[in-house]
4 protein chains.
Amino acid sequence: MSINHRAGAQRSEAARVAILDAAAKLFASSGYERLTMEGIASAAKVGKQTIYRWWPSRSALIAECLADGYLLPNDRFDPPTAGHVLEDISAWYSSVAEYFRAGNNERLLLSLISAAAGDPGVAEHFNARFGGGHTIEARLQQGIDAGELHPEVPMNQVAEALIGALILRVLARSTMEPAFARDMVQLVLIPHQISPTRT
Amino acid sequence: MSINHRAGAQRSEAARVAILDAAAKLFASSGYERLTMEGIASAAKVGKQTIYRWWPSRSALIAECLADGYLLPNDRFDPPTAGHVLEDISAWYSSVAEYFRAGNNERLLLSLISAAAGDPGVAEHFNARFGGGHTIEARLQQGIDAGELHPEVPMNQVAEALIGALILRVLARSTMEPAFARDMVQLVLIPHQISPTRT
Amino acid sequence: MSINHRAGAQRSEAARVAILDAAAKLFASSGYERLTMEGIASAAKVGKQTIYRWWPSRSALIAECLADGYLLPNDRFDPPTAGHVLEDISAWYSSVAEYFRAGNNERLLLSLISAAAGDPGVAEHFNARFGGGHTIEARLQQGIDAGELHPEVPMNQVAEALIGALILRVLARSTMEPAFARDMVQLVLIPHQISPTRT
Amino acid sequence: MSINHRAGAQRSEAARVAILDAAAKLFASSGYERLTMEGIASAAKVGKQTIYRWWPSRSALIAECLADGYLLPNDRFDPPTAGHVLEDISAWYSSVAEYFRAGNNERLLLSLISAAAGDPGVAEHFNARFGGGHTIEARLQQGIDAGELHPEVPMNQVAEALIGALILRVLARSTMEPAFARDMVQLVLIPHQISPTRT
DNA sequence: TCATAATCGAGACGGTACGTCGGGTCTTTGA
DNA sequence: TCAAAGACCCGACGTACCGTCTCGATTATGA
């Protein structure tokens, strides 16, 4: 009756979680370049083969960490829908910039950039969270629907300009002063605003 | 004996150039992560110690390659001053985007990003060439002086938005269709244009 | 998880033998001072780490070669028990001297001396084979038992004088003419002979 | 003022002495295998080239140290002529054994053996001081002349047996108890003594 | 219920590259 | 011409990880 059912032990979820946890922890603390498979295996108390059995490479492992929210908070990067679209986008952008200014998070983002630059798979997940900016575009669409923005606002470019500028700042190790977020949002959105609510 | 025996042999310029050449070549072909000191030494026909004598690390070597123009054409990234500021900036941005779309140059930029993410020294030189956007800002200032742009145009943000978006696109492995450059420049500059040429 | 995860893969006997073989071969051909771990690893088609995992140093490796008979024939250095003790010892001593006069064996002994001088561990095994002269002393004891030698013959000194003289000759690069062995044995044994068989 | 002045500076005796001094000191403290040309040059405050200009190799340098008495006291190894030949030889042999039991001298001898094993030039000078045993043979000849020894005593073998046994003991890291020297001398000389003082 | 088969921690294996030490040669500057 | 200083190319050092491969033990089927 069985189509293709083999015997044998099943994949250990405990091992999977231990590996992702260890990888994420070491990634955040040591960066992508110093992340080693042996280090992960040792920290997760797992044989190396158990890693290689399920992930083909270090970057695939990091990509899954990213996809499963081991590296970044899943909710942090959604814009609010509290008030006027400019205020919401501005608040969201400030919040993201703030997040990457604190603690080791700048290092984390740098490592993510490095990983994304080195591996298309990581880049894809990285982009899903940032670059594509689906959530931002969704919020912009709400602004259009609410009559706060011109309908022809180039949502894609707006998102890319904002996120790209942020990445560039982090890459350049520039300080991200509070005004940065506000100015950037103004630059790309005010021209497309309908009622002039200069903040 | 003698009071002041200062000197021995001088640093070999030939070795220095051979090392930078080899490093740049291997960097472009293999990427930052696969770049090895032994590979460089072997390609440059130089002892490893000669590299370590003058550069403390792989990244410092790449930083000097970048600073000395071994990795990127020095002149390619200056905007023209041919006509209207929008056209010139647009032409320059298209040209840069085009450059990184061709051949191995996308890989080169990805490697540069990786190197910059991993090392502040590289990031500094990377930024000097891109991020700071001194040359772009200079061209914008000319536009202001020519009465083509409002004086209060936030030059810094404009530059960062443009370059950041480009980097993000490369990171995301998105195709950079021709319209990309034009749309991006319009997004950040048209609002500050004095004679309204809304396209 | 599990209670007792003891074992990993076992030590590869093939690798061990290949390493000892390669080490012995290179030792005999190039001498102790030119013997390199990389050379051994390469000749044995083995990773360097596999050598360092099991032997702490080049000298420990040579000591094991010596102990396991990779460098010297195990049986060559036992005296015969064919006839009179003087003849047997003399024949044995000639045979040993002859062995180290032939081919690369002189170089081999010189390298062994060098290794023994540089490392107590090697010296111990070197001594076990030569210096202690257990087998010679055993043969002398048989001579005593057979009434051919005075019981008070200082076996230890006799052995050391014989072997020491041989080593000194090799060290000095003196030729070991055939008479050498006979004369040396006569010097140390004839006085202790019981029936005067002056040869 | 000068009679025959070719161009150029003359060899600096100060440098020569400094080099030999440094070499001897490092040889005694670190052993032959750890002796480095750079270490000698640095300790002697001399350029490496100044060493290579006058000595072709490390071993040649050690050979000259040995020949010029930088490594061993020149007088220590001459037998006395105080009384009966057996007593004198015995005293001398004890004294030599004692010398190499003290302090770092055992290490020194081991290093010398290593150097001699590795280089014929060193071996020659090593032999001139020990192996040939010219001075011992001279003393034995005096014993013959004085009617204390049979004329046919094989002086060469006697010397080689004594010195060889001593070297073997040092090689084997055996302790050289006081009785060793007396027993060894008795073994090789008593049979050839004329007045029978069997101990 | 028990052989089959896949998993697990552990770790040895052949390799590549690391960053350092020292070898012996060459170059520069000064006496 | 020699000496000091030291840069040069090169080979080897001992270590860290790579990705693969055995181990023995531990589960889960499914005949």
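In the text below, chain A, chain B and the rest are named by the order of the sequence lines, each starting its count at 1. Here the structure is a predicted model, which is why all the values come from computation and not from measurement.
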Would one find more than 12 heavy atoms of other residues, nucleotides or ligands at under 6.0 Å from atom CD of A:E33? yes
Counting N and O atoms only, with roles assigned by atom type, does the side chain of A:S114 sit under 3.5 Å from a partner on the main chain of A:L110, one being a donor and the other an acceptor? no
Spacing of B:I19 atom CD1 relative to F:dA7 atom P, expressed in whole Å: 13 Å
Rounded to the nearest angstrom, tell me the gap between atom CD in A:Q49 and atom C1' in F:dG24. 15 Å
Tell me whether A:R58 contacts the main-chain N or O of A:Y32 through its side chain, where contact means a donor paired with an acceptor under 3.5 Å. yes
Measure CD/B:E13 against P/F:dC8 and give the value in whole Å, please. 11 Å
Rounding to a whole Å, what distance do you find between C:E38:CD and E:dT16:P? 12 Å
Length of the CD1-P vector between D:I51 and F:dG6, whole Å: 15 Å
Which residue, B:K48 or D:G39, contacts DNA chain E at a nucleotide closer to its 5' end, judged by nearest heavy atom? B:K48
So, does D:R53 get its side chain near the phosphate of F:dC2, meaning an N or O under 4.0 Å from OP1 or OP2? no
Using heavy-atom distances to pick each residue's nearest nucleotide on DNA chain E, tell me which of B:R58 and C:K45 is more 5'. C:K45
Return no unless some side-chain N or O of A:T50 is found under 4.0 Å from OP1 or OP2 of E:dG9. yes
Nearest-nucleotide wise, let me know which of C:Q10 and A:Y52 is further upstream toward the 5' end of DNA chain F. A:Y52
OP1 or OP2 of F:dC8 less than 4.0 angstrom from a side-chain nitrogen or oxygen of B:W54, does that happen here? yes
Closest nucleotide of DNA chain F for B:G47 versus for A:A9: which of these residues is on the 5' side? B:G47
Could you tell me whether a side-chain N or O of D:D68 sits under 3.5 Å from a main-chain N or O of D:Y70, the two making a donor and an acceptor? no
Are OP1 or OP2 of E:dC21 and a side-chain N or O of D:T36 less than 4.0 angstrom apart? no
Between C:L35 (CG) and F:dC13 (C1'), how many Å, whole number? 13 Å
For A:R173, does the CZ atom sit with more than 12 other heavy atoms under 6.0 Å from it, leaving out its own atoms? yes
To the nearest angstrom, how far is C:I40 atom CD1 from F:dG11 atom C1'? 15 Å
Whole-Å gap separating C1' (E:dG23) and CE (D:M37): 9 Å
